[in-house]
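Here it is: the structure, laid out below.
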Amino acid sequence: MKNRQSIIAFMLLFALTLSAQGKAKYVFYFIGDGMGVNQVNAAETYLGALQGRIGIEPLCFPSFPYSAFVNTQSATNGVTDSAAGGTALACGQKTKNGTLGMLKDLTTSISSIADWARQSGAAVGITTSVAIDHATPASFYAHVKERNEQYTIGKQLVESGNDFYAGSDFTIPTDPEYPNGPTLYEEACAKGYTIARGYADYLKRADSGKRMILLQSEEASKTDRYSIPYALDRKDGDLTLTDITRAGIDFLMKKQGEKNGFFMMIEGGKIDWACHANDLAFIPELIDMDNAVRVAYDFYKQHPDETLIIVTADHETGGIVLSRGLYEINLAAVGNQHISIDRLGKELHKMHDQKGDKWTWDDVKALLTENFGFWDKLALTDEQTQRLETAFKKIMDGTSKDQQTLYQSDDELAAAVRNVMSECAQVGWHVTSHSNGYVPCFAIGAGAEQIHGRIDNTEIPKIVAKAAGWKSPF
């Protein structure tokens with residue numbers, strides 16, 4: 001009898017505990033594109049190094065109480081791309097590399113957690129630091145055989161019915177087959193979307209929109225419509241991932257009179273871009289995403305029993321190793337890099353165009369000292385200096401060959417600077433593409449305890465749906 005009473009008492013306590021935890025009414029789903037375990041470790045080790053000590057300085061999201069290692073293989077490849085990886089994180093099913101929102105048969109469309117949330121009465125936001133029709137955000141609303149069908153993806157965004165989108169811009173806003181037809185901007189407005197250009201413009205328009213698309217300024221898109229600037233390259237007035245997160249919370253909360261909670265996906269897309277280029281700019285980019293997570297965490301502290309924050313990645317990029325075999329690491333060196341390698345390449349071309357034959361090695365040395373600390377804060381070997389000067393001479397005599405990575409093309413001098421910076425920091429890179437390394441998943445809030453151990457990427461959206469009480473196909 002006593003045992004039975006004890007069991008009943010335990011069951012009641014367990015039920016009360018579940019009741020107290022509640023459901024996740026507000027869900028933040030952060031995806032650091034290309035963010036493997038070592039990328040996170042590098043950022044925290046860098047912050048520790050800036051304080052002059054060995055060890056880490058914790059970021060916000062890796063300090064969450066629940067975490068897991070995540071498998072990322074796609075249905076067809078041991079190493080996933082962002083389309084298949086995003087589809088797994090969005091839809092809970094594997095697919096072919098390059099495919100969005102469809103099974104590997106390239107015929108069967110599948111729904112995403114954004115659909116499950118919307119159909120369950122929640123408001124939905126899908127945001128990114130790159131183009132809003134790029135692979136990761138598109139995984140949550142599009143159904144195409146190939147990720148490069150950007151115009152079709154943009155059309156599906158317009159038709160999706162989701163409440164809030166944000167990113168740099170549409171990649172292809174005009175129908176290639178009917179260039180004189182309505183643009184995606186016009187079609188979006190016809191579907192009830194208000195388009196804001198920049199955070200200040202969003203604040204002016206936020207109360208007037210039934211649905212919202214937040215893009216960077218038209219001036220910024222003339223320079224680069226494919227992404228917002230790297231954190232290292234940012235100017236005053238540039239749209240940021242923190243702006244996007246704040247705007248998303250603000251707008252989705254305005255929908256609460258007609259909606260029940262919200263789901264918001266936020267992608268830090270340029271962690272991946274920097275790692276494809278083997279550029280240590282990924283570290284400030286990852287810290288920048290952590291700043292956006294802090295905005296969500298502040299919201300969590302106001303709604304702790306109703307909020308779930310998940311931070312994960314679609315794959316690792318670069319095959320990064322935090323040492324070059326000397327039992328040493330010098331990530332403090334990264335503090336001397338003030339522009340991305342992509343921006344450096346553009347600056348070098350600009351200087352060459354302006355000065356022509358009068359462009360000198362001393363001009364280049366001054367630029368590299370100012371923006372990378374070479375020869376001043378960072379001592380270079382004679383061999384490293386010679387390598388840089390040789391690359392400069394190749395530009396001047398017309399024999400320099402560009403090195404192409406997925407999102408940028410660097411001349412030999414920019415590529416040499418990238419390599420020397422990694423050598424100074426004692427960081428090694430194995431590839432300029434993706435790897436099959438584990439990625440992390442961190443969680444806090446209602447239902448976060450389900451994130452633990454080793455999980456597959458397809459499990460994460462199912463866990464989130466369960467925590468929120470959203471009906472899913474599983």
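As a basis for the values below, the full set of heavy atoms in this structure was taken, side chains included, without hydrogen atoms, waters or symmetry mates. No experiment lies behind these values; they were computed from the predicted model shown.
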If every non-hydrogen atom of Ala84 is compared with every non-hydrogen atom of Lys96, which pair is closest and at what distance?
CB-O, 3.6 Å
Asp411 side-chain N/O to Ala414 backbone N/O, donor-acceptor pair under 3.5 Å
yes
Got Tyr66 and His452 here, is their nearest side-chain heavy-atom distance under 4.5 Å?
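A side-chain contact under 4.5 Å is absent here.
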Do you know which two heavy atoms are closest between Gln337 and Asp279, and how far apart they sit?
NE2-OD1, 2.9 Å
Got Asp238 and Gln216 here, is their nearest side-chain heavy-atom distance under 4.5 Å?
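Not in contact.
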With side chain to side chain contact (heavy atoms under 4.5 Å, CB included) as the test, would you mind laying out the steps for Leu215 and Tyr185 before giving the verdict?
CA-CA 11 Å; Leu215 306 174; Tyr185 310 116; 3.9 Å; yes
If we ignore hydrogens and angles and just use 3.5 Å, is the side chain of Thr95 paired with the main-chain N or O of Met102 as donor and acceptor?
yes
Can a donor-acceptor pair be found between the side chains of Trp273 and Ser227 at a distance below 3.5 Å?
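Side-chain D/A pair, Trp273 to Ser227: absent.
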Over all atoms of both residues, closest heavy-atom pair of Pro182 and Glu187
O-OE2, 3.6 Å
Which heavy atom of Tyr193 sits nearest to which heavy atom of Val158, and what is that distance?
CE1-O, 3.7 Å
Taken to the nearest 0.5 Å, the spacing of Thr128 OG1 from Lys270 NZ works out to 10.5 Å
Do you know the tightest heavy-atom contact between Val70 and Cys441?
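So the minimum-distance heavy-atom pair works out to CG2-CB, 3.7 Å.
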Would you compute the distance between atom NZ of Lys255 and atom CE of Met212 and round it to the nearest 0.5 angstrom?
9.5 Å
Ring centroid separation for Tyr407 and His134, is it under 6.0 angstrom?
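Distance test on ring centres: under 6.0 Å, yes.
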Counting distance only, does the side-chain N/O of Asp81 pair as donor-acceptor with the main-chain N or O of Gly98 below 3.5 Å?
yes
Would you confirm whether the ring centroid of Tyr165 sits within less than 6.0 angstrom of the ring centroid of Tyr141?
yes
Main-chain N/O of Gly85 paired to Thr80 side chain as donor or acceptor, under 3.5 Å:
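Side chain of Thr80 to backbone of Gly85, a donor-acceptor pair under 3.5 Å: yes, one is there.
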pair Asn336-Phe372: side-chain heavy atoms closer than 4.5 Å:
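No, their side chains stay 4.5 Å or more apart.
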Check whether Thr307 reaches the backbone of Gly445 with its side chain - one donor and one acceptor, N or O, closer than 3.5 Å.
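Checking the backbone N and O of Gly445 against the side chain of Thr307, no donor-acceptor pair under 3.5 Å is found.
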Atom CZ in Phe299, atom CG in Leu252: separation rounded to 0.5 Å?
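One gets 9.0 Å once the value is rounded to the nearest 0.5 Å.
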Please tabulate, for side-chain N and O atoms in residues 466-474, each donor-acceptor pair with protein atoms closer than 3.5 Å (sequence neighbours left out).
from: Ser472; atom 1: OG; to: Phe474; atom 2: N; distance (Å): 3.3

Quick one: does Asp250's side chain get under 4.5 Å of Tyr202's, heavy atoms only?
yes
Within the side chain of Glu285, is there an N or O that forms a donor-acceptor pair under 3.5 Å with the backbone of Ala231?
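Yes: the side chain of Glu285 pairs with the backbone of Ala231.
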Worked verdict on Asp169 versus Arg197 for salt bridge (Lys or Arg N to Asp or Glu O under 4.0 Å):
CA-CA 9 Å; Asp169 215 316; Arg197 286 286 188 173; 2.9 Å; yes
Report the C-alpha distance between Asp298 and Lys301 in whole Å, list the side-chain angles of each, state the deciding distance to 0.1 Å, and finish with yes or no for salt bridge (Lys or Arg N to Asp or Glu O under 4.0 Å).
CA-CA 5 Å; Asp298 287 341; Lys301 288 188 290 186; 3.4 Å; yes
Take atom CD in Glu219; do more than 12 heavy atoms of anything else shown fall under 6.0 Å from it?
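Result for CD/Glu219: open.
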Neighbour count above 12 (heavy atom, 6.0 Å) for His430 NE2:
no
Within the distance-only criterion (no hydrogens, no angle test), does the side chain of Asp243 pair as donor or acceptor with the backbone N or O of Leu239 below 3.5 angstrom?
no
Apply side chain to side chain contact (heavy atoms under 4.5 Å, CB included) to the pair Met265 and Ser139, showing each step before the final yes or no.
CA-CA 11 Å; Met265 190 285 290; Ser139 302; over 6 Å; no
Heavy-atom donor-acceptor pair, Thr136 side chain to Gly86 backbone, under 3.5 Å
no
For Asp105, is there any backbone N or O sitting under 3.5 Å from a side-chain donor or acceptor partner on Thr107?
yes
Just do the ring pair (Phe, Tyr, Trp, His ring centres under 6.0 Å) check on Phe170 and Tyr151 with the steps written out, would you?
CA-CA 8 Å; Phe170 288 101; Tyr151 180 74; 9.1 Å; no
Interatomic distance, CD1@Ile228 vs OG@Ser221, rounded to 0.5 Å, equals 11.0 Å
Step through it carefully: locate the ring centre of Phe442, locate the ring centre of Phe30, and say whether they are under 6.0 Å apart.
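No: the rings miss the under 6.0 Å criterion.
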Where do Asp288 and Arg234 land on the salt bridge (Lys or Arg N to Asp or Glu O under 4.0 Å) test, with the steps shown first?
CA-CA 11 Å; Asp288 193 62; Arg234 186 179 298 151; 2.9 Å; yes
Verify the neighbour count for atom OH of Tyr226: are there more than 12 heavy atoms of other residues, nucleotides or ligands below 6.0 Å?
no
For Gln119, look at atom CD and say whether over 12 heavy atoms of other residues, nucleotides or ligands are found less than 6.0 Å away.
yes
Would you say the side chains of Asp272 and Thr317 form a donor-acceptor pair under 3.5 Å?
yes
For the residue pair Met35 and Leu286, establish whether any side-chain heavy-atom pair is separated by less than 4.5 Å.
yes
Are any of the side-chain heavy atoms of His303 and Lys25 separated by less than 4.5 Å?
no
Side-chain contact test, heavy atoms from C-beta onward, threshold under 4.5 Å: evaluate it for Tyr199 versus Ile244 and give yes or no.
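SC-SC contact between Tyr199 and Ile244 ruled out.
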I would like to know whether Asp175 and Lys155 meet salt bridge (Lys or Arg N to Asp or Glu O under 4.0 Å); could you show each step before the answer?
CA-CA 9 Å; Asp175 189 342; Lys155 289 276 287 185; over 6 Å; no
Side chains of His315 and Asp33: do they bring a donor and an acceptor to under 3.5 Å?
yes
What distance separates Glu449 CD from Ile463 CD1, expressed to the nearest 0.5 Å?
10.0 Å
Among Asp163, Val124, Asn162, which one satisfies side-chain contact (heavy atoms from CB on, under 4.5 Å) with Phe263?
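Considering Asp163, Val124, Asn162, a side-chain contact (heavy atoms from CB on, under 4.5 Å) with Phe263 is found only for Val124.
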Walk me through it: do Leu344 and Leu368 pass the test side chain to side chain contact (heavy atoms under 4.5 Å, CB included)?
CA-CA 9 Å; Leu344 170 66; Leu368 299 184; 4.0 Å; yes
State the CD-CD distance between Glu44 and Glu57, to the nearest 0.5 angstrom.
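Output value for this atom pair is 8.5 Å.
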Ring centres under 6.0 Å, that's the criterion: do Tyr300 and Phe64 meet it?
no
Sole residue of Leu50, Ile283, Leu47 in side-chain contact (heavy atoms from CB on, under 4.5 Å) with Leu331:
Ile283
Between Leu280 and Met421, which heavy-atom pair has the shortest distance, and what is it?
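Taking every non-hydrogen atom into account, CD1-O, 3.7 Å.
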Any side-chain heavy atom of Asp342 within less than 4.5 Å of one from Asp233?
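When only atoms from C-beta onward are counted, Asp233 and Asp342 do not touch, as no gap falls below 4.5 Å.
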Flag yes if more than 12 heavy atoms outside Lys254 fall under 6.0 Å of its NZ atom; otherwise flag no.
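Atom NZ in Lys254 is crowded, with more than 12 foreign heavy atoms closer than 6.0 Å.
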Determine whether Leu89 and Asp314 satisfy the following criterion, side chain to side chain contact (heavy atoms under 4.5 Å, CB included), listing intermediate values before the conclusion.
CA-CA 7 Å; Leu89 291 174; Asp314 49 356; 4.0 Å; yes
